[in-house]
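Here is the structure we will look at.
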Amino acid sequence: MSAAAQIGVTGLAVMGRNLARNFARNGYTVAVHNRTAARTRALVEEFGHEGEFVGTESAEDFVAALERPRRLVVMVKAGEPTDAVIREFAPLLEPGDMIVDGGNAHFADTRRRERELREQGIHFVGTGVSGGEEGALNGPSIMPGGSKESYEALGPMLEKISAKAADGSPCTAHIGPDGAGHFVKMVHNGIEYADMQLIAEAYQLLRDVAGYSPAEIADIFRTWNTGRLDSYLIDITAEVLAHVDAATGEPFVDVVQDQAEQKGTGRWTVQIALDLGVPVSGIAEAVFARSLSGHQDLRDASRGLAGPKAEPLGKAEAAAFADQVEQALYASKIVSYTQGFHEIAAGSDAYDWDIDLGRVASIWRGGCIIRAAFLDRIRAAYDARAELPSLLADESFAREIGEAQDDWRAVLVAATRQGVPAPGFAAALAYYDALRADRLPAALTQGQRDYFGAHTYRRTDREGSFHTLWGGDRSEVSA
Ligand code: 6PG
C-alpha cells in the first residue's frame, strides 16, 4: 500500500463520509476506513469520481496508506466508541502523527486523551465540527484544539475545506491547546440551544398573542432575516413554518409532537457553567424548556391549572406586537451570546487556553448552526477591545439593547398576562437587570446564611469578614 494519502477518515456514517468527500473534492488523497468494510467500498464506488480515495479494510492498511506525519480523522460516536478507535489505531502510529477527533466529545475526555497520547508522542486534536451533514460536505465551521505543531500540519487542510465567511476568510482557526476546541464547540451548542429557544418563544407569541398562522409567521421571519437577525436559524425557521404536512394538509409544525430532544451538548454547557460560576441563564432555560416539554405526564396532570388563555390581538395591534417581539428577540439574543462568550472566557482562564474571543466569533460567521451576520459585530467588538468584560460593555450592543428596552418589557408583560411561557426572554431580561442593578438582594442572602450557618459576610464600609451573634446579643464580631 503506497503511503500517498494526505488525510484519513475512519467512521463513515453521514458526517464522516461527507467530511471525507469534502477533503477529496478539495484535491486531497483521502484514505477511508470503516468498521463495516462494505460502507468503505460503497463510498469509493459512489463518490470515487469526486476525487482520490484510498479504500482500506483494515486498521493496518488504513495507517499504511497515510503519508507522514499521519493525520487520522476519527468520526465515531463520542465516549467509549472514540476510546475504542484510539486503542485500535494508536499502537500503529509513530511520534509526530496525529489523531483528530471530529465528534461532539466532552472536552474533559479530550483533555485526558490528549495527555495520554502526548506521552506516546502522538498529537490528539479534539475538533468541534459544526454545520451538520451539509456543512461537513460543503464547508463546516471547524474548531480544532490540540498542539500548535499539529495545527501547522493540519490547519491548511482544514482552512481549505472549511466554510468561508463573507470576506473570504476560512471558518477555522487553532482555538487553543488540548480540549479548547471541544469546549468552544460545546458552548457553540449551548448558544444554539438558546438561539432556538428564543426563536421558539417568538413564534409562540406571534401565534398565540398576535394570532398569526404559521405561514404568516414564516413571512415575518423571512422579513427579519433581511435585517439584524439575518442568520441560518432564522432562515430555516421560516422554511419549517411555511412547510405543509403532505399527509394532512396541516401546517407541519402542528403535526410534530411538541417534545424537544437533546443529545447533550447544551446540557454540558450549563453543567460546566455551574462549575465555573458563570450565569448562563438563557442557555439553562433553553435546556430546561426542552426537558419540561418531555415530561408529558406532568404536563397532562397540569393542563387544568388556573391561568389565562391568550386572546389574539386585532390586525393593527398584531403588526405592532410583531415589531416588539423582534426587539425582544434581538435583545435576548445579545444576552445569550454575552453569556456564552463569558463562559468561553472563563474556561480559557480556568484551563489556561488563552482563547481569542474575536477569532471564535470570526470562525462562527459561516458554516456553523449559529452562523449569523450578528457574529461579525461580535468579532469587531472583541477585535476593537480584546479585554471587553462583556458584550454588553460594547457601545453599539449597549445602545441597541437600550433601544429595545420598552418593547422587550412590553412583550414580557403581554406574555405574562396572556399566559404564554417565555422563559428565555424573561431570563435574559432578569440577567440584564441584575447586571445593571445598584444593589442586589444577595445582601439579604448573606445575612440569612450568617444567621443559620454562621457563614460570615463582608461589609460595604470596611474590609474583612464578619459574623453577627444572632443567638446572643446580636453584636458583630470579626470572623
Ligand atoms: C452542529 C450541531 C450538532 C448537534 C446536533 C444535535 O453544530 O452541527 O450543533 O453538533 O449536535 O444537531 O443537537 P441536539 O443537542 O439538539 O440533539
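Indexing begins at 1, ligand by ligand and atom by atom, following the structure's order. Position 1 is the first residue of the sequence, and the numbers go up from there. The figures that follow rest on heavy atoms only: side chains count, while hydrogens, waters and symmetry mates do not.
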So for atom [atom1], which belongs to [X], do other residues, nucleotides or ligands contribute more than 12 heavy atoms lying within a distance under 6.0 Å?
X    : atom1 : answer
R377 : CZ    : yes
F288 : CZ    : no
E387 : CD    : no
E52  : CD    : no

Does R290 count as lying over the ring of Y193, i.e. NZ or CZ under 6.0 Å from the six-ring centre, within 45 degrees of the axis? yes
Is the closest basic N to carboxylate O distance between [X] and [Y] below 4.0 Å?
X    : Y    : result
D101 : R113 : yes
R115 : E119 : no
D83  : R112 : yes
D394 : R385 : no

Starting from [atom], locate the nearest protein heavy atom and write down its residue, its atom name and how far away it is, to 0.1 Å.
atom                    : answer
atom 17 (O) of ligand 1 : K263 N, 2.9 Å
atom 9 (O) of ligand 1  : E192 OE1, 2.6 Å
atom 16 (O) of ligand 1 : R290 NH1, 2.9 Å
atom 11 (O) of ligand 1 : N104 ND2, 3.1 Å
atom 15 (O) of ligand 1 : Y193 OH, 2.5 Å
atom 8 (O) of ligand 1  : G131 N, 3.0 Å
atom 7 (O) of ligand 1  : S130 OG, 2.6 Å
atom 4 (C) of ligand 1  : N189 ND2, 3.7 Å

Judged by non-hydrogen atoms, does [X] sit under 4.0 Å from ligand 1?
X    : value
M196 : no
G132 : yes
G266 : no

Contact partition for R371 relative to ligand 1, non-hydrogen atoms under 4.0 Å: neither
Under 4.0 Å from any heavy atom of [X], which atoms of ligand 1 are there?
X    : answer
Q262 : 17 (O)
K185 : 1 (C), 2 (C), 3 (C), 7 (O), 9 (O), 10 (O)
T265 : 15 (O)
H188 : 7 (O)

Is the centre of the W353 ring less than 6.0 Å from the centre of the F183 ring? yes
